[in-house]
Amino acid sequence: MSDSVRIIEMGPRDGLQNEKTLVKPADRIAFVRALVAAGLRTVEVGAFVSPKAIPQMVGSDEVMRGVAQLPAEFHVLVPNVKGYEAARAAGAKVVSVFAAASEGFSRANINCSIAESLERFKPVVAHARSDGIKVRGYVSCVLGCPYDGEVKPQAVVDVAKSLWDLGCYEISLGDTIGVGTPLKAREMLRAVAGDVPVARLAMHFHDTYGQALANLYAGMEEGVRVIDAAAGGLGGCPFAPGATGNVATEDVVYMLEGMGIATGIEMEKLLAATNEISRLIGRPPVSRVVNALNAKKKRANRE
Ligand code: HMG
Ligand code: MG
């Protein structure tokens with residue numbers, strides 16, 4: 001497992017979309033700047049979705065423009081052609097469409113069935129192709145759904161394959177409510193890898209039940225090398241009640257570096273970015289690594 005792993009930073013999007021405190025675009029730009037300075041090379045910075053659904057992401061166009069000159073690749077969510085056009089106008093080079101493996105979540109999140117969502121993505125992908133914009137695809141609820149309960153691997157395979165066949169360059173598999181355990185994660189990833197090349201899969205695991213690192217490790221054993229994570233473990237989805245944030249970027253970096261896999265991320269700078277955004281939203285970080293390092297610093301300052 002000594003080859004490289006690509007981390008896609010989710011903090012400014014998945015991280016902030018569920019926070020009660022709205023973070024203004026200027027502060028989101030500063031957050032992205034700090035993340036890039038820490039060494040993150042791919043960052044999801046916003047969403048062009050209904051402002052009624054997710055007021056936290058209003059101003060994503062301003063954020064896009066504010067970070068355009070930074071040396072990183074920026075992603076944004078788009079649910080339909082309207083969102084796509086707004087993203088393109090703001091200079092997006094990569095957009096992400098998002099489907100679900102369960103009908104209940106699809107309906108709650110984007111107000112349509114899985115099949116309807118895939119139809120909606122077709123023109124998005126077609127426009128993107130002619131505009132030279134890359135499209136990433138998400139599948140939510142790959143290990144369980146807050147509305148429908150158990151989700152079978154085949155349901156994930158079907159949606160992942162549809163997104164792949166549509167033309168998405170990478171498929172990110174979301175354990176949206178963080179209920180998965182390693183053997184289930186492995187079984188699901190193995191099933192999807194039967195239809196989508198494993199090199200084009202990403203793991204997007206929320207850490208609600210504290211299983212995300214173990215699940216990521218199981219996925220790495222299957223050969224998956226792309227990990228979505230959020231600084232400090234920020235995040236959640238307003239349409240996934242009870243779900244907490246993505247696996248913390250710091251926790252992932254600590255695990256990978258401990259395995260001898262260089263991430264190119266400077267922990268000190270990442271910690272500073274997390275502590276600042278946590279101060280702004282008025283909520284301490286949940287990441288174990290962040291808390292351990294902050295406590296260590298405090299002790300060192302006292303000595
Ligand atoms: P709808 O109500 O069915 O859509 O919502 P509609 O087409 O009937 O439009 C309703 C209104 O929304 C209209 O405005 C549209 O113009 C507007 P009105 O006439 O009422 O003033 N509208 C838009 N505005 C801005 N940007 C747009 C847009 N589209 C329509 N793109 C819709 C359907 C998909 C729009 C809505 O349900 C929505 O925006 N949902 C987004 C939900 C969301 O962002 N969820 C969080 C992200 S997903 C996630 O977190 C999971 C993930 O992390 C992976 C994982 O963890 O599993 C990715
Ligand atoms: Mg998510």
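Both counts, for ligands and for their atoms, begin at 1 and track the order of listing.
Judged by the 6.0 Å distance and 45° axis criteria, Arg13 is positioned over the aromatic ring of Tyr138.
Residue Phe105 places no N or O, backbone or side chain, under 3.5 Å from any N or O of ligand 1. Every N/O-N/O distance between Pro79 and ligand 1 stays at or above 3.5 Å. Polar contact with ligand 1: absent for Arg120 (N/O pair, distance under 3.5 Å). Considering backbone and side-chain atoms together, Tyr138 places no N or O closer than 3.5 Å to any N or O of ligand 1.
Residue contact annotation: Met57 has no non-hydrogen atom under 4.0 Å from ligand 1. Pro51 counts as a contact of ligand 1, since one of its heavy atoms falls under 4.0 Å from the ligand. Using 4.0 Å as the threshold, Lys52 has a heavy atom nearer than that to some atom of ligand 1.
In this model, no donor atom of one side chain and acceptor atom of the other lie less than 3.5 Å apart for Glu103 and Ser113.
Counting heavy atoms under 4.0 Å from ligand 1, residue Asp175 does not touch it at all. Looking at Ile54 against ligand 1, only its side chain comes within 4.0 Å, counting heavy atoms.
The protein heavy-atom contact nearest to atom 39 (O) of ligand 1 is Ser50 N, 2.8 Å. Closest to atom 45 (N) of ligand 1 among all protein heavy atoms lies Asn109 OD1, 2.8 Å.
Salt bridge status for Arg225 with Asp3: present, with a side-chain N to carboxylate O gap under 4.0 Å. Under a 4.0 Å N-O distance rule, the pair Lys297/Glu268 qualifies as a salt bridge. Contact check on Glu222 versus Arg190 returns a salt bridge, with a Lys/Arg side-chain nitrogen under 4.0 Å from an Asp/Glu carboxylate oxygen.
Paired with Glu73 under the rule salt bridge (charged side-chain N to carboxylate O under 4.0 Å, His left out), one option of Arg6, Arg136, Lys134, Lys93 passes, and it is Lys134.
Here 3 is the count of protein N, O or S atoms positioned under 2.8 Å from the Mg ion (ligand 2), waters not counted.
Here Met57 contributes atom CE and Phe48 contributes atom CZ; the two are 10.5 Å apart, rounded to the nearest 0.5 Å.
Here Val58 is tied to no hydrophobic group at all, with no ILVMFWY side chain closer than 4.5 Å.
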